[in-house]
There are 4 protein chains.
Amino acid sequence: MSVPAAQKKGIRAAQKEARPKEIVESALAIFARDGFAGTRLEDVAERVGISKGTIYLYFDNKEELFKACVRETVGAHIQQTMQMAATFEGSTSDLLREIFRRVSATLSKPGYRTILILLISEGQRFPELVSFYHSEMIGPGIEGLRAVIKRGVASGEFRDTGLSDFPMMLMSPVIASVIWTHLFSKVGDFDFNAALQTHLDTMMDGLKA
Amino acid sequence: MSVPAAQKKGIRAAQKEARPKEIVESALAIFARDGFAGTRLEDVAERVGISKGTIYLYFDNKEELFKACVRETVGAHIQQTMQMAATFEGSTSDLLREIFRRVSATLSKPGYRTILILLISEGQRFPELVSFYHSEMIGPGIEGLRAVIKRGVASGEFRDTGLSDFPMMLMSPVIASVIWTHLFSKVGDFDFNAALQTHLDTMMDGLKA
Amino acid sequence: MSVPAAQKKGIRAAQKEARPKEIVESALAIFARDGFAGTRLEDVAERVGISKGTIYLYFDNKEELFKACVRETVGAHIQQTMQMAATFEGSTSDLLREIFRRVSATLSKPGYRTILILLISEGQRFPELVSFYHSEMIGPGIEGLRAVIKRGVASGEFRDTGLSDFPMMLMSPVIASVIWTHLFSKVGDFDFNAALQTHLDTMMDGLKA
Amino acid sequence: MSVPAAQKKGIRAAQKEARPKEIVESALAIFARDGFAGTRLEDVAERVGISKGTIYLYFDNKEELFKACVRETVGAHIQQTMQMAATFEGSTSDLLREIFRRVSATLSKPGYRTILILLISEGQRFPELVSFYHSEMIGPGIEGLRAVIKRGVASGEFRDTGLSDFPMMLMSPVIASVIWTHLFSKVGDFDFNAALQTHLDTMMDGLKA
DNA sequence: CATGAATGAGCGTTCATTCAT
DNA sequence: AATGAATGAACGCTCATTCAT
């Protein structure tokens with residue numbers, strides 16, 4: 001802060017700023033593999049190439065580290081998608097497909113899949129995290145979806161099914177695919193995208209007027 | 001020895017026979033709350049009103065207890081449903097609705113919901129369990145669903161969508177509902193059955209010829 | 001005691017009388033294999049074909065069972081040998097050889113070897129047992145040996161070495177052989193009797209006048 | 001890093017280097033008192049003034065700690081003695097006496113006596129340890145002794161008794177003395193050195209031509 | 001007399017957390 | 001800022017011992 005120049009910010013400082021993100025990334029991988037209780041901070045540290053003690057310079061304890069993993073990984077995606085939806089000019093069918101494309105593109109990345117799985121696995125132990133997630137991410141997302149359905153009904157594209165009361169169900173094929181992949185990708189092969197696309201087509205047909 | 005066997009089965013024997021089930025039920029609850037690694041066998045024992053050591057009279061170790069929880073809870077349900085499907089006489093739409101009704105009735109019970117959540121949470125740490133599950137439960141279930149879809153297409157009720165390649169996706173709304181309930185039932189209310197029914201209606205419409 | 005006839009003493013009674021011995025024999029084997037702390041009473045019971053609880057009908061606890069093993073296994077041997085020595089008529093060399101023959105014959109039996117090893121292994125935890133052993137078995141034995149040496153010196157067969165002050169050392173080759181066999185019988189072969197005999201010859205030569 | 005290394009080695013580093021030896025010494029004492037299975041690592045730790053967990057920073061588990069006790073305590077002694085024997089210039093009698101002097105000096109120290117007792121007590125449970133011992137320590141020792149006997153026979157000092165086939169028996173008085181001391185030192189007094197010396201004299205006389 | 005289900009204290013081992021360096 | 005040695009609480013598992021049957 002009181003340091004004269006930006007150049008002065010040397011390697012050390014750069015390292016220091018990068019640390020939390022490095023740790024979170026490492027932790028995410030280990031949490032995903034071993035679960036919360038099963039994760040050893042030593043493994044997390046080793047993956048970053050630092051010592052166990054160093055983690056405690058950046059995070060109060062294991063629980064806070066876990067929360068940071070969840071919080072800092074999802075972020076902007078939902079907002080971006082909602083903005084896109086608000087200004088979309090084509091048909092509502094195309095809008096819905098675009099939304100599915102984005103959401104599934106995000107959730108098909110291992111990192112994000114991990115978050116979902118972790119939330120399911122450990123949610124009960126971290127109620128604040130769940131309600132944070134619900135209010136900050138899921139809630140707005142649901143409202144966005146509801147708006148899209150209403151847009152389709154208003155334009156005469158969709159029938160007025162009760163689905164606008166449960167917009168989150170639109171995402172069920174995405175969620176099911178993620179879980180299927182997570183559980184059985186080693187047991188048998190499963191074409192995530194083809195399965196999803198097929199199901200979406202059926203669902204869209206069901207929505208159409 | 002020379003005593004009539006039926007009367008002889010005293011309190012002790014009755015207790016002994018009941019123990020495994022009691023322990024599994026208790027374990028199911030605690031595993032669901034705390035995850036596999038987070039579960040303390042002492043908690044499991046206390047819930048049954050026995051001592052820690054007693055668990056080891058019936059299960060070799062924590063892992064075997066966990067497996068028993070999964071194995072002994074699901075079992076017959078899938079087979080029953082498949083038999084029903086094989087002999088069903090009404091329309092395929094009605095058959096599909098009946099299948100959904102059964103599956104969701106089962107999965108809406110806390111005990112069975114727990115199994116699904118546990119499988120998602122701990123699957124990665126128990127590959128044998130997952131593949132056991134996949135081959136014994138899920139695989140047959142998928143084949144059953146595929147047969148139903150084909151029945152509908154053959155009878156002219158359903159269009160020939162690609163969904164017969166991914167029959168498991170038919171279950172996605174059930175799965176999503178279970179997860180939604182698990183995660184957010186404390187945060188906000190969610191009418192499991194209404195949500196499911198609404199989504200199913202939409203999906204069925206999508207399937208119809 | 002107040003029972004009319006000897007025949008009346010049925011199978012049950014015979015069993016009951018035999019039990020302690022059976023248990024001790026089994027325990028001896030397990031103690032020898034696993035040491036005191038390492039021995040599980042369940043293993044002892046299983047070897048006899050009874051249940052764990054039954055042991056407690058005959059022995060107060062594990063420690064008492066161990067003591068019984070040591071106490072009841074040695075018995076008459078020393079006394080017999082001393083009586084033989086007192087009435088022996090040949091040369092003292094021959095007497096000494098006969099003593100060695102008897103002692104080593106006894107200690108080469110696995111059961112008796114076991115006692116010696118157990119005493120060495122666990123003696124420190126059972127001081128009473130050690131002093132019982134010392135006063136009842138070892139002490140008289142030493143006095144017997146001292147008498148033999150003095151007999152040899154008196155008759156002019158042996159020189160008057162200081163060995164009469166440490167008669168127990170005469171037994172050292174026997175003890176060393178037992179231990180050697182115990183430790184290394186699996187590693188390499190070792191002719192217990194030949195080794196012993198050879199050493200004794202040397203020692204006897206050393207004693208001769 | 002840029003600090004002169006020798007001075008840098010602070011208290012911590014010094015402690016860390018000393019730890020394994022401290023722990024082994026403590027463990028040796030407790031193992032000797034309680035046997036392998038009977039030893040509580042907490043007791044070992046307490047004796048050093050550290051916590052139970054610290055032991056695991058230096059040894060993988062109880063068994064490895066036990067092995068370390070055996071390995072790190074004997075080591076160089078045999079080699080030193082053998083080198084001495086190879087270059088000894090006096091009579092073979094004197095050489096043999098010198099060997100006895102060294103071996104018994106070593107084994108009369110409580111620490112080394114402990115090792116022998118432990119080996120006898122726990123050998124059956126640690127076959128690798130026993131065979132390690134046999135090949136690395138005992139085997140060479142025996143060959144050394146055999147060479148000495150042959151040297152004596154060659155020089156005409158000793159008769160050609162069969163003892164060169166069982167050289168280990170030469171050590172039997174030492175072994176017997178150690179065991180006697182271990183078992184009965186509390187029961188009665190026993191002059192280890194006098195007993196040994198007397199017996200050796202007898203034995204040497206037996207060897208002489 | 002015998003059983004064996006049940007107990008509960010105890011120990012080996014792990015690991016989140018601390019703190020002197 | 002970073003380390004890593006040390007801690008100590010916690011937990012899985014074992015087994016001597018008890019006691020209802």
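Below, chains carry the letters A, B, ... as their sequence lines are ordered, and counting in each starts from 1. From a predicted model like this one, the values you see are computed outputs, not experimental measurements.
Contacts of C/Leu41 with the nucleic acid, taken as non-hydrogen atoms under 4.0 Å apart, involve only primed sugar atoms and P, OP1 or OP2. The residue C/Phe59 sits apart from the nucleic acid: no heavy atom pair falls under 4.0 Å.
Along DNA chain E, the nucleotide closest to A/Arg40 and the one closest to C/Lys52 are compared, and the more 5′ of them pairs with C/Lys52. A residue-by-residue look at C/Asp60 and B/Tyr56 shows that B/Tyr56 has its nearest nucleotide of DNA chain F further toward the 5' end. Between C/Gly53 and A/Ser51, the one whose closest nucleotide on DNA chain F sits nearer the 5' end is A/Ser51. Between B/Gly49 and A/Gly38, the residue anchored nearer the 5' end of DNA chain E, judged by the nucleotide with its closest heavy atom, is B/Gly49.
Between C/Phe36 and C/Phe31, the two ring planes are parallel [angle under 30°; tilted spans 30° to 60°].
The interatomic distance linking D/Ile55 (CD1) with E/dT13 (P) rounds to 10 Å, in whole Å. Atom CD in A/Glu46 sits about 12 Å away from atom P in F/dG4, given to the nearest Å. What separates CZ of B/Arg19 from P of E/dT7 is a distance of 7 Å, to the nearest Å. D/Ile50 has its CD1 atom 7 Å from the P atom of F/dA6, to the nearest Å. Rounded to a whole Å, the NZ atom of D/Lys62 is 15 Å from the P atom of F/dT14. Computed from coordinates, the A/Asp34 CG to E/dA16 P distance equals 11 Å when rounded to whole Å. Rounded to whole angstrom, the span from the CG atom of C/Asp43 across to the C1' atom of F/dT14 amounts to 12 Å. Protein atom CZ of D/Phe66 is 17 Å distant from nucleotide atom C1' of E/dG12, rounded to whole Å.
Between B/Val24 and B/Phe59 the shortest side-chain heavy-atom distance falls below 4.5 Å.
Taken to the nearest 0.5 Å, the CG atom of D/Leu118 stands 9.5 Å off from the CG atom of D/Leu129. Of the inter-residue distances, the one linking A/Asp34 atom CG with B/Glu122 atom CD reads 10.5 Å to the nearest 0.5 angstrom.
Salt bridge present: C/Lys67 and C/Glu128 bring a charged side-chain N and a carboxylate O closer than 4.0 Å.
The side chain of B/Leu57 lies closest to E/dT7 when the candidates are F/dA6, E/dA2, E/dT7.
When all heavy atoms of B/Ile30 and B/Arg47 are compared, the closest pair comes out as CD1-CD, 3.7 Å. When all heavy atoms are compared, the tightest approach of A/Glu64 to A/Asp60 is CG-CB, 4.0 Å.
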Once Watson-Crick and G-U wobble pairs under 3.5 Å are found, how is DNA chain E written in dot-bracket notation, 5' to 3', with | for any base paired to another strand? .||||||||||||||||||||
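In this structure, B/Tyr58 reaches the E/dA6 phosphate: one of its side-chain N or O atoms is under 4.0 Å from OP1 or OP2.
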